[in-house]
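Here is the naming used below: chain letters follow the sequence lines, and residue numbers restart at 1 for every chain. Since this is a predicted model, take the numbers as computed values, not measurements. Heavy atoms only: backbone and side chains are in, while hydrogens, waters and symmetry mates are out.
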Amino acid sequence: MDVGILVQALVNGIMIGGIYAMVGMSLNMIFGVMKITNFCQGEIVMVSMYITYLLYTYLGLDPFLAIPLVALIMFAFGAMLQSLLINRSIKEDGDQNVLFLTCCLGIFLTNTALLLFSSNYRTVESIFSNQVMKVFGMNISLPRFVSFLLLCLATVLIFLMLKHTKLGKQIRATSQNPTGAQVTGIKTKFIYTCTYGIGAAIAGIAGACLMSFYYVYPSVGNVYGTRSFIVVTMGGLGNVWGAFSGGFVLGILETVGSTIVGAAFKDTLVFVVFILILVIKENLNIKRKRG
Amino acid sequence: MKQKQIGIRTILLLILIAVLALVPLWIKTPYILGIFVTTFYIACGTIAWSILGGLTGQTSLGHAGFMGLGAYITALLTTKAGVSPWICMLIAFLAVGLIAGILMAPCFVLSGAYFSLVTIAFSEAFRNLFINWEYAGSGQGILIPIKKGFWQMRWVSKIPYYYISFFMVIIFFIILRSIDHSKLGFALKTIREDEDTAKAIGINPFRYKFIATFLSAGLIAVVGVFYANYIGYINSDIMDHSYSLNYVMPAIIGGVGNIAGPLLGSAILTPLSEFLSANLSSVANGLNLIVYAAIVIVVILFQPNGIMGWFVHSRFKKNVNKKLDAVDRKLFKMKQAECEE
């Protein structure tokens with residue numbers, strides 16, 4: 001195998017890994033803090049992609065410039081979803097209800113998109129679209145590179161927000177011990193709403209970046225929904241850097257793996273690796289508890 | 001305690017079965033019969049799902065993968081080797097049950113959402129493999145040619161399919177009911193409620209989860225065999241994640257963990273979704289699924305235990321029981337204590 005192709009695949013993997021990392025991080029906020037299994041994460045990314053598309057067609061906003069606006073809209077959307085629907089189905093025992101609810105919500109959002117936008121593929125032109133950068137003989141697509149940089153920046157900002165702001169500290173406290181947080185006077189319900197909102201906003205940033213080089217269709221969320229869970233389980237729950245590195249591992253696994261086993265079987269490879277990681281991790285956990 | 005005496009409940013049940021068995025005599029429209037057949041096989045799939053998802057509490061979201069495996073087994077064996085679908089049912093039950101059991105065995109340590117994720121991953125991996133497997137038709141799928149006859153399980157009319165699927169529902173329900181009342185069922189329910197307690201009283205969770213997975217996946221593979229021969233064409237789309245939800249939603253609506261839940265849920269949801277897709281999808285694409293999802297969301301929000309979960313503890317059930325007991329006493333001169341199970 002040509003080393004050049006492998007290196008090129010590696011670079012592409014890092015670029016797409018940035019998106020996976022971002023979506024994974026958005027799920028990490030929701031899954032890690034609230035311990036709810038959010039099976040409509042991919043659909044939230046899809047919604048944000050359509051919002052970017054709408055902003056582009058009606059206001060002429062470039063997807064990269066639209067990021068703050070999309071993040072804001074998605075924050076409101078996520079907070080609304082959480083406070084109106086998901087909060088009501090959270091029970092002390094088990095997460096089955098939330099799981100089914102978010103599954104249904106996914107169907108609902110996908111088909112609403114189908115109703116409003118039909119199943120056509122939609123694209124958006126950004127200033128960087130279709131431009132390619134050449135570094136050391138490797139081709140790097142410019143919109144991917146710019147989104148990669150933006151995502152790194154966003155990750156650092158989220159990390160700082162969680163570490164140093166009051167809201168961030170409250171979120172971390174709630175994630176560690178909800179009852180304890182409540183005792184110290186933190187309004188956990190409000191924090192949950194904020195967390196879901198922030199999670200959706202991060203997904204919004206990922207969606208807007210994705211829109212600059214990818215197309216959107218109603219069931220695009222399927223790809224990112226499962227992938228986001230893979231990222232989170234690879235990197236570890238409740239850990240910003242874990243999700244970040246998990247995203248890159250997944251991206252590299254996908255691109256490098258598809259040059260080795262063939263692009264057709266890359267999904268199988270990803271899922272098998274995912275199952276193996278999950279099982280090995282759980283067994284290690286059990287051993288650690290006993291030992 | 002249980003009485004073997006015939007009461008009004010048994011008679012009502014027999015009347016219901018008899019009415020359903022006679023339906024094809026006066027409904028001849030293939031479309032309506034088709035809805036019945038769909039309802040029946042979805043009910044079978046939901047019952048199969050609820051062995052693992054309801055009784056054992058391991059929420060699987062990848063049962064479409066196992067159903068697809070069953071469908072592919074019959075499609076390949078009948079078209080390439082000429083094996084009868086009836087034998088395929090047995091082969092699919094054993095083969096898919098074993099495959100699922102062995103593949104999932106390492107994953108039994110996982111709990112809750114992680115188990116669901118693993119099942120999704122398995123079904124997606126199967127789909128990816130079958131979409132690229134040229135011998136199995138790759139993306140084009142397999143068309144099962146029409147060779148009429150009982151042995152081939154192929155008819156032009158829908159009436160034989162109606163009876164086969166109806167018979168399957170009855171058998172599946174009897175299987176579920178006998179599991180529910182057996183030692184196996186109690187072990188599974190103990191695992192669902194608390195795995196550590198189950199271990200402490202000597203139930204081996206691994207062994208029982210294996211049995212539950214074997215039965216659940218094997219039975220849904222039988223549904224897959226029926227589906228393949230009924231539709232006459234399969235491709236890898238039937239393994240899609242969204243198809244798994246077809247077997248999960250009725251159980252949630254009906255009530256997870258209650259043996260009548262899957263039947264009731266699919267009797268409500270499947271005709272509803274057929275009606276919606278016939279009437280609304282022509283008006284606006286996707287509207288039928290929006291309404292469908294909205295209804296399920298509302299039920300999950302306001303009645304998290306499903307319809308049977310509500311019914312078991314409701315005053316309505318008490319009233320119905322009282323009335324039925326009164327009829328029992330009048331007709332069969334039973335004492336009240338006798339007819340209570």
If you count heavy-atom pairs under 4.5 Å between each of [options] and chain B, which one has the most?
{"options": "A:Val272, A:Thr112, A:Leu109", "answer": "A:Thr112"}
{"options": "A:Leu116, A:Ile275, A:Ile107", "answer": "A:Ile275"}
{"options": "A:Asn111, A:Leu114, A:Asn285, A:Ile230", "answer": "A:Asn111"}

Enter the distance from [X]:[atom1] to [Y]:[atom2] here, rounded to the nearest 0.5 Å.
{"X": "A:Ser219", "Y": "B:His241", "atom1": "OG", "atom2": "NE2", "answer": "12.0 Å"}
{"X": "B:Leu289", "Y": "A:Cys104", "atom1": "CG", "atom2": "SG", "answer": "11.0 Å"}
{"X": "A:Asp267", "Y": "B:Arg127", "atom1": "CG", "atom2": "CZ", "answer": "8.0 Å"}
{"X": "A:Thr37", "Y": "B:Leu117", "atom1": "OG1", "atom2": "CG", "answer": "8.0 Å"}
{"X": "B:Ile300", "Y": "A:Leu101", "atom1": "CD1", "atom2": "CG", "answer": "5.5 Å"}
{"X": "A:Asn222", "Y": "B:Asp240", "atom1": "CG", "atom2": "CG", "answer": "6.5 Å"}

Minimum heavy-atom distance between [X] and [Y], given as atom pair plus value:
{"X": "A:Lys266", "Y": "B:Asn128", "result": "N-OD1, 4.3 Å"}
{"X": "A:Leu278", "Y": "B:Leu110", "result": "O-CD2, 4.0 Å"}
{"X": "A:Phe39", "Y": "B:Ser116", "result": "CZ-CB, 4.5 Å"}

Portion of [X] that has a non-hydrogen atom of chain B nearer than 4.5 angstrom:
{"X": "A:Thr233", "result": "side chain"}
{"X": "A:Ile286", "result": "side chain"}
{"X": "A:Phe265", "result": "both"}
{"X": "A:Asn283", "result": "side chain"}
{"X": "A:Leu105", "result": "both"}

Checklist entry - Quick check: are there more than 12 heavy atoms from other residues, nucleotides or ligands sitting under 6.0 Å from OH of A:Tyr50? => result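 For A:Tyr50, atom OH is crowded (more than 12 foreign heavy atoms under 6.0 Å).
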Checklist entry - Among B:Ala294, B:Cys107, B:Gly57, B:Ala293, which residue forms the greatest number of heavy-atom pairs with chain A at distances under 4.5 Å? => result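 When all of B:Ala294, B:Cys107, B:Gly57, B:Ala293 are compared, B:Ala293 has the most.
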Does any part of the side chain of [Y], heavy atoms only, come nearer than 4.5 Å to the side chain of [X], both counted from C-beta?
{"X": "B:Leu245", "Y": "A:Phe100", "result": "no"}
{"X": "B:Leu61", "Y": "A:Leu99", "result": "yes"}
{"X": "A:Val279", "Y": "B:Tyr114", "result": "no"}
{"X": "B:Ile120", "Y": "A:Thr226", "result": "yes"}

Checklist entry - Given a strict heavy-atom distance threshold of 4.5 Å, which part of B:Phe122 is in contact with chain A: side chain, backbone, both, or neither? => result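 Its backbone and side chain both get close to chain A.
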Next on the checklist: Report which part of B:Val291 has an atom under 4.5 Å of a heavy atom belonging to chain A: side chain, backbone, both, or neither.
Outcome noted: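 Contact with chain A is absent: no heavy atom of B:Val291 under 4.5 Å.
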Item to check | For A:Ile191, all residues meeting side-chain contact (heavy atoms from CB on, under 4.5 Å), sequence neighbours excluded | outcome: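 Once residues adjacent in sequence are excluded, the partners of A:Ile191 under the side-chain contact (heavy atoms from CB on, under 4.5 Å) criterion are A:Leu167, A:Gln170, A:Ile171, A:Thr174, A:Ile186, A:Thr195.
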Checklist entry - Does B:Asn132 use its side chain to pair, donor to acceptor, with the backbone of A:Ala264 at less than 3.5 Å? => result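 Here the side-chain-to-backbone pair exists.
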